[in-house]
A.B. asks: 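Below: one structure in structure tokens.
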Amino acid sequence: MRIVCPFCGERELGEFTYLGDAKPVRPATGAAEDEVYDYVYLRDNIAGVMSENWYHGGGCRAWLKVTRNTLTHEISAVEPALGAGAAKVDA
Amino acid sequence: MKYSIFSLARAALSGHKTWQRTWRDATPKDRYDVVIVGGGGHGLATAWFLASEYGIRNVAVLEKGWIGSGNAGRNTTIIRSNYGLPGNTGFYELSMKLWERMEQDLNYNSMVSQRGVINLYHSDAQRDAYARRGNTMRINGIDAELLDLAAVKKMMPFLNFDNARFPVQGGLLQRRGGTARHDAVVWGYAHAASGLGVDIIQNCEVTGFVRDANGKVTGVETSRGRIGAGRVGMAVAGSSSRVADMAGLRLPIESHVLQAFVSEAIKPLIPNVMTFGAGHFYVSQSDKGGLVFGGDIDGYNSYAQRGNLPVMEDVCEGGMALMPMIGRVRLLRQWGGIMDMSMDGSPIIDKTPVDGLYLNAGWCYGGFKATPGSGFVFAHLLARDTPHEEAARFRLDRFRTGAMIDEKGQGAQPNLH
Ligand SMILES: Cc1cc2nc3c(=O)[nH]c(=O)nc-3n(C[C@H](O)[C@H](O)[C@H](O)COP(=O)(O)OP(=O)(O)OC[C@H]3O[C@@H](n4cnc5c(N)ncnc54)[C@H](O)[C@@H]3O)c2cc1C
Ligand SMILES: [Zn+2]
């Protein structure tokens, strides 16, 4: 599996770190317990096309949103993931 | 059929051409008291204990492929009970004790080999953590020995002790740990369960659940038709989220790939199971002589049952750091298996919020050693409708209540467990 970084071009997988499903949105401060539990622990765990956050630590250090098929490892899109890294830093 | 020295002699005299099939390949009946989804080690062990221990014999195991085609046949065969947290310690020791009598119980040679499991340590902090874990084990009546450098050198003189970056300082040894022949474990449970009347049904994929007006599960839809069930137990390893989804459940689980590797056969070298604590590398030698080894999961969601090269490179580097002489040994085979990675790295054995549906999941990459214990406690849950005391902490709601069993201390990051 290789990822085509929009900033660096095609690079080998070892340069990237995986953060997980890009879909869940961090609940606002003071959100109900159920919402927080859902966000932290429950997963769709999609078998098929999934959009996910990857970090290009071995290259431009940008956060990327990668659209990938979890059944085949086929990658159909890579774009900058605005805010994905910020969410991690805020935590 | 029963195996004995006499059956062996009889078959030998006729050139080993008279062996019978060891279990029946059944066709589905309309209804069973208990239907188990998943014909891996856990599903088959559950069926065997339901029949042998809890007297429930009208049981079917439904497997979408062939039995043992999942992780049961893909793992690196390590068994041990060196866990330190309440919940895990007792459970894995229960399982270890069942391994020790498995061959007698099942009348099948599953080649359980208690050759010892040693976890090497490379720093003072790691030594202290292992000392503490070993003490916890001993307090609970489980064998553990903390070895210093001299003792490790005596046991495994071939290790690279001059490695400047991660010098080996010692290890935590569990002598009762070891390996078992994974396919034979599956066949043994199938043989014994089938002998007590359990139906093992292959090429039978569960595609949905049958629910009554109150939402209770009363059966399953399969690729071979509808099958009624008093209770349904799921033991589908890496497919838990997909099967649970058919009942409208979302789980605290992600599916990830773990790879395993086997080298060409060499003369006896590694006397035990050994883990390199500085990287993540573990190795043992099969009875045929191949080195069987593995390391970390690939670390991203996958259902592809195959891995990628960076982890292969990382695993081989771990092996080379520990035993540089294996650099001349050729890699023979590599494969991947899909596992449930739970959010705290520990299993879930519980009733689900859906009446009639029971869950056995989240084994991460350590569930082979759990096979007999998991079958025993899951059978208890299905038969009695209450958790077995040794599995009482493997609750599905522990993430909500905060009662997690986080042996590796990695939090809710399944790709790190
Ligand atoms: C490479 C690798 C190395 C490992 N090494 C070790 C080790 O050394 N020690 C250790 O303790 N653990 C190890 N494990 C983990 C261990 O193999 C698993 O945790 C354990 O085997 C899971 O339980 P199981 O055997 O029942 O699962 P499986 O054998 O995967 O059984 C689940 C079955 O369910 C079936 N199924 C799925 N969906 C459906 C459906 N809809 N209908 C019908 N059937 C279905 C599958 O086909 C499969 O056969 C390793 C795993 C891997 C992948
Ligand atoms: Zn980049």
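Values below: every heavy atom of this structure, side chains too, minus hydrogens, waters and symmetry copies. Chain letters run A, B, ... following the sequence lines, proteins first and then strands; every chain starts at 1.
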A.B. asks: Would you sort out whether B/Tyr365 and B/His256 count as a ring pair (Phe, Tyr, Trp, His ring centres under 6.0 Å), showing the intermediate values?
C.D. replies: CA-CA 9 Å; B/Tyr365 50 63; B/His256 288 249; over 10 Å; no
A.B. asks: Looking at B/Ser255, B/Ser239, B/Ser240, which has the largest count of heavy-atom pairs under 4.5 Å with chain A?
C.D. replies: B/Ser255
A.B. asks: For the interface with chain B, which of A/Val36, A/Thr72, A/Thr70 has the highest count of heavy-atom pairs at distances below 4.5 Å?
C.D. replies: A/Thr70
A.B. asks: Counting only heavy atoms closer than 4.5 Å, note whether A/Asp44 contacts chain B via side chain, backbone, both or neither.
C.D. replies: both
A.B. asks: Heavy-atom distances under 4.5 Å only: say whether B/Arg242 touches chain A with side chain, backbone, both or neither.
C.D. replies: side chain
A.B. asks: Non-hydrogen atoms of chain A under 4.5 Å away: do they reach the side chain of B/Leu251, the backbone, both or neither?
C.D. replies: backbone
A.B. asks: Provide the closest heavy-atom pair for B/Gly294 versus B/Phe261 in the form atom of the first, atom of the second, distance.
C.D. replies: CA-CD1, 4.1 Å
A.B. asks: Contact part of B/Pro310 toward chain A, heavy-atom cut-off under 4.5 Å: side chain, backbone, both or neither?
C.D. replies: side chain
A.B. asks: Is the shortest side-chain N to carboxylate O distance from A/Arg68 to A/Glu74 below 4.0 Å?
C.D. replies: no
A.B. asks: Let me know if B/Met341 has heavy atoms under 4.5 Å from chain A in its side chain, its backbone, both or neither.
C.D. replies: neither
A.B. asks: Between A/Tyr37 and chain B, with a heavy-atom cut-off of 4.5 Å, which part of the residue counts as in contact: side chain, backbone, both or neither?
C.D. replies: side chain
A.B. asks: Minimum heavy-atom separation for B/Arg224 and B/Asn203, please, with both atom names.
C.D. replies: CD-O, 3.2 Å
A.B. asks: Check whether any side-chain N or O of A/Asn45 sits under 3.5 Å from a backbone N or O of B/Ser241 as a donor-acceptor pair, and report yes or no.
C.D. replies: no
A.B. asks: Which atoms of B/Asn308 are under 4.5 Å from chain A, going by heavy atoms: the side chain, the backbone, both sets, or neither?
C.D. replies: side chain
A.B. asks: Ignoring hydrogens and angles, tell me if any N or O in the side chain of A/Glu10 forms a donor-acceptor pair with the backbone of A/Cys5 under 3.5 Å.
C.D. replies: no
A.B. asks: May I ask you to decide whether B/Asp355 forms a salt bridge with B/Arg211, counting only side-chain N to carboxylate O separations under 4.0 Å?
C.D. replies: no
